[in-house]
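The structure appears right after this line, and notes come after that.
Chain naming here is simple, since letters A, B, ... match the order of the sequence lines and numbering starts at 1 in each. Just so it is clear, the values below take in all heavy atoms, side chains as well, and ignore hydrogens, waters and symmetry mates.
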2 protein chains.
Amino acid sequence: MATIGDVAREAGVSRSTASYALSGKRPISEEVRRRVLAAAEALAYTPNAGARALATSRTKVLGLLARFYTDEFAPAMMQYIQGVTDTARDLGYDTLLVTDEDGARALRRITDSRMVDGVVLMNIAQDDPRLPILRAAAQPGATVGLPGDCSGIDVFDLDFEEAGRAMVDHLHGLGHRELILISQPEHVVERGGAYVWRLRDAALERARQCGVTLHTVYGESRQPAVGRLLHTLLDTYPSATGLLINNEAAAAALPSVAHERGLRVPEDLSVIGRYSAEFAAAFSLPYSFVESAPDRLGSMAVRQLVRRVESAAARREPFVVRFISPELVSRGSTTPPREPHPRTPAR
Amino acid sequence: MATIGDVAREAGVSRSTASYALSGKRPISEEVRRRVLAAAEALAYTPNAGARALATSRTKVLGLLARFYTDEFAPAMMQYIQGVTDTARDLGYDTLLVTDEDGARALRRITDSRMVDGVVLMNIAQDDPRLPILRAAAQPGATVGLPGDCSGIDVFDLDFEEAGRAMVDHLHGLGHRELILISQPEHVVERGGAYVWRLRDAALERARQCGVTLHTVYGESRQPAVGRLLHTLLDTYPSATGLLINNEAAAAALPSVAHERGLRVPEDLSVIGRYSAEFAAAFSLPYSFVESAPDRLGSMAVRQLVRRVESAAARREPFVVRFISPELVSRGSTTPPREPHPRTPAR
DNA sequence: CTTCAGCGTCGAACCGGTTCGACGATCAAG
DNA sequence: CTTGATCGTCGAACCGGTTCGACGCTGAAG
C-alpha cells in the first residue's frame, strides 16, 4: 500500500507538500498540485485511517449503541439503524455498531480508546447507566429516546405525550366516548422504556379532561398471545368504539383478529396506531396511524452529533431536547361511532 | 486522557518498559509490573486505538457489509447482524457496519484505508461486484451466502439444495404426491439471490426422481399480496397435499389464510417452512421448518475470519466453502395425506 | 577471580499521517 | 537598488503506541 511518502517521492516533492496539495490547506502551485494528484492516482494512494486519526485526533467514525431485544419489533430497529448509518455516510462518517449487553462498559471502551468521534445511543432507559459515562466522555453524544436526565447530551424523540393526546382528541372529535389503549408489553416498561407511559399517561389525562373513558392495558410482543389479548379486550369492553395501538405486534395482529370476529374497521371499531410508515407498508396495515419516523430521528441525532464534532462553536451551544411532533396519517380507519348501542360481542 | 508516557512517568520507568509490562511480551520484574499496573489503573489509562493501529497494523475492527432491503424480512437480517457482532465481540473485535448502496466502493474505502482487519459480506449475489475488490484487498474476507465464484474467500451458507431435497423427501416419505413450493419474490432472484433457485431446483429435481408433482411459484414479500397469492395457489392446485415455504412473509401470512379458508394443518394440508427458530418464535408459527440458523452462519464466518487475521498459518490455509446441513425441526405440521380425494376449494 | 549467559530495562526508531515555523524566490513599493 | 510582503516549499516535530537492539547487572560455571 502506498503511503504519502511514496506519493511525495513520485511527485518529486516533500511529504508535507504532498499533504498540503492533497488537503488544500495551504496554497500550492498548480504545477505541483497536478503532479501530486497524478502520483496519488497512479499509486492508488489512500490515507491510512489509523495514522490520520493519530495525527488529527479525528476518526471519522461514529459509535452506535443499540440492543436487539427479541420483544421489540426488529423492523423498527432496522429503520433507526439505517437512518443513522445513511446519514453518517452522507456526512462522511462510518458507523461502529455496538450491541454489547453491557452497554456502559462498551461505551467506555470505544470513547476512551478514541475509536469514535461521537456516539448515538438507542434503546434509552429512563435511568440509563450509559449516560453518566457519555457525559464524562470527551466525545459528544446524542440519544434517540428521552431519558430521565437530559443534561449534557442532545436528545431526540417522538413527542409521545402529544401523540397520546392527538389520538384521543381525534376520536373524541369524531364523537367517541369510550376507547381502549393497548401499550407495549410491561417488561418494556420495566426495562425503562418511558415512552410507553409517556403516551399512556398523556392520553389518560386528556381523556379525563374531555370526559372520555379510556381503558389502558399492557400488550404482548408476540403472536398468538397478542391476538388472544385483542380478543379478550374487545370482549371485555364491548361498548368501546375506538382502539388506540401503541404496540407494533398488536397492530400487525389486528387484521386477522378483526377478520375472525367479523369486525369491520371503521364501521364497528375505529382504530389508530402508532408506528412508522415503513412498518405499515411491510404489513400493509390499513389503519390510520401516528408516524413514529424512526429514520428521521436517527438522522437528526447524527446531524446534530456531527455538528458538534466538527465545530468548536457548535460544541459550546446549549444541549437540545428535540421532539418530533406526531403526524397523523389518515388511512380512513376512523369514523364517528355508530349508534350508542354497543357492539355485540363476537366469538 | 492519559498516554502510555504518563503511565511510564508515574511508575518511574521508560515508555517501552511500561508497554512491555502491560503487554507481557517481555519479562518484567514483579515489582515494576506492579507499579506500572497501579499507575495505569490510577490514571485510567486506555490505549489510543489509532496509535495502536498505526504501530501494529491491526485495528481490532471487522467490517460488516450488509444492505437492508425492504423486501427481505428485517428480523432475519437482524439475526445475521447479531450473530456477527456478538461473536466478533467475544473474540475481541468491534464491528463497522456499512450499508452503503455502492457496496464495492465502500468495501474499497474501508480496506484500503486499513480501518478493518477483515470483512464479512452479506446479501451475496451470484455475481457480486464486491468480490473482486475483496480478493484484491490485503485483509481476509468471508461471506454469508454462496456466490458464483468462491475463490479467494471463505464462504458460509445453509445447504439450500439439501434443504429443498429434505423437504420433498419428508413429505414424499409420508405419502404425499403433489406439493406446492412458494419461493421468495422474483426480484430477490433478479438481485442475484441464488439461494432461491438453489432450493427450488434441487427440490424439483428430487421431486422428479421420486415421482412427486411439485408446483413452484415466486412469492410476494408483503401483506396482503402474499396472502392473496396463498389463496390463489390453494385454489389453483386443490389436489396438492403439501406446502413448502421458502419465503418468510408467506410463512407469517399462512396462519390467517388457513383460518380464513377453514383449512386445518396438518389434517388438510401438510406444511414445512424454511426460516429461523427465532423467526418462528416471533410469529409463533406452528409449522415444522428447516432451520436457517442465521446467527450460527454469522458466527462461523467471523470465527474463520478472525483465525485468518490472527494467524499467518491460518492465512495460508486453503479457502473453505462450508454448508450448514439443514435441520428439520418438527412442529407436527406434517402428516400422511388424507384419502386421495382432493381438498374442496374454499372461498 | 574471571567469564559468560540471561534477565530486566532503556533509548531510539518506526508506523503514516498533519502542521508549524522557517526560508528562498518573486515581485511591488519606496 | 534596497526593502518587505507574499507565495510556495521544505524540514522537523508531533500524535501515541510497539518493538528492536543494546547494555548493565546478577549469579552460576569454570
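Contact between the side-chain N/O atoms of A:Y45 and the OP1/OP2 oxygens of C:dG17 is found at a separation under 4.0 Å. The phosphate of D:dT18 (OP1 or OP2) has no side-chain N or O of B:S23 nearer than 4.0 angstrom. A:K25 has a side-chain polar atom (N or O) that falls below the 4.0 Å cut-off from OP1 or OP2 of C:dT19. Within the 4.0 Å cut-off from OP1 or OP2 of C:dG17, not a single side-chain nitrogen or oxygen of A:S19 is found. The shortest distance between the side-chain N/O atoms of A:R26 and the OP1/OP2 oxygens of D:dC7 is not below 4.0 Å.
Counting only N and O atoms by type, the side chains of A:Q139 and A:T111 include no donor and acceptor under 3.5 Å apart. B:T59 and B:R114 share no side-chain donor-acceptor pair at under 3.5 Å. Between the side chains of B:S14 and B:T17, at least one donor-acceptor pair of N or O atoms lies under 3.5 Å.
Here the P atom of nucleotide C:dC15 and the CG atom of B:N48 are 18 Å apart, to the nearest Å. What separates CZ of B:R114 from P of D:dG17 is a distance of 22 Å, to the nearest Å. Summarising the geometry, the separation between CD on A:E31 and P on C:dT26 is reported as 15 Å, rounded to the nearest angstrom. When the C1' atom of C:dG17 is taken as reference, atom CE of A:M1 falls 14 Å away, rounded to whole Å. The separation between A:L22 atom CG and C:dG16 atom P is 16 Å, rounded to whole Å. Rounded to whole angstrom, the span from the CE atom of B:M115 across to the C1' atom of C:dG17 amounts to 15 Å. The CZ-C1' distance, from B:R33 to C:dT9, rounds to 13 Å in whole Å. One can place NZ of A:K60 at 17 Å from P of C:dG17, the figure rounded to the nearest angstrom.
Proximity note for B:V13 (side chain, C-beta onward) versus C:dG21, C:dC10, D:dG17: the nearest is C:dC10. Among the nucleotides D:dA12, C:dG16, D:dT9, the one closest to the side chain of A:S16 is D:dA12. Minimum atom distance to the side chain of A:I4 is reached by C:dT18, of the listed D:dT9, C:dT18, C:dT9. Closest contact between the side chain of A:S14 and the listed nucleotides C:dC15, D:dC10, D:dG8 involves D:dC10. Distance from the side chain of B:P47 is smallest to D:dG17 among C:dC15, D:dT9, D:dG17. Side-chain proximity of B:Y20 to the nucleotides D:dC15, C:dC15, D:dC20 is greatest for D:dC20. Here the nucleotide nearest the side chain of A:T17, chosen from D:dG17, C:dG8, D:dT9, is D:dT9.
Place B:L54 and B:G12 on DNA chain C by their nearest nucleotides, and B:G12 ends up nearer the 5' end. Along DNA chain D, the nucleotide closest to A:V32 and the one closest to A:R15 are compared, and the more 5′ of them pairs with A:V32. Place A:A51 and B:E30 on DNA chain C by their nearest nucleotides, and B:E30 ends up nearer the 5' end.
Nucleic acid contact for A:S113: none, since no nucleic acid atom lies under 4.0 Å from a heavy atom of the residue.
Taking only distance into account, the side chain of B:R52 never meets the base of D:dG16 through a donor-acceptor pair shorter than 3.5 Å.
Geometric assessment of B:K60 against the ring of B:Y93 yields a positive cation-pi assignment under the 6.0 Å and 45° thresholds.
Looking at B:D128, its side chain does come within 3.5 Å of a backbone N or O of B:A125 through a donor-acceptor pair.
The one candidate from A:L305, A:V320, A:L131, A:V321 that meets the side chain to side chain contact (heavy atoms under 4.5 Å, CB included) condition with A:I153 is A:L131.
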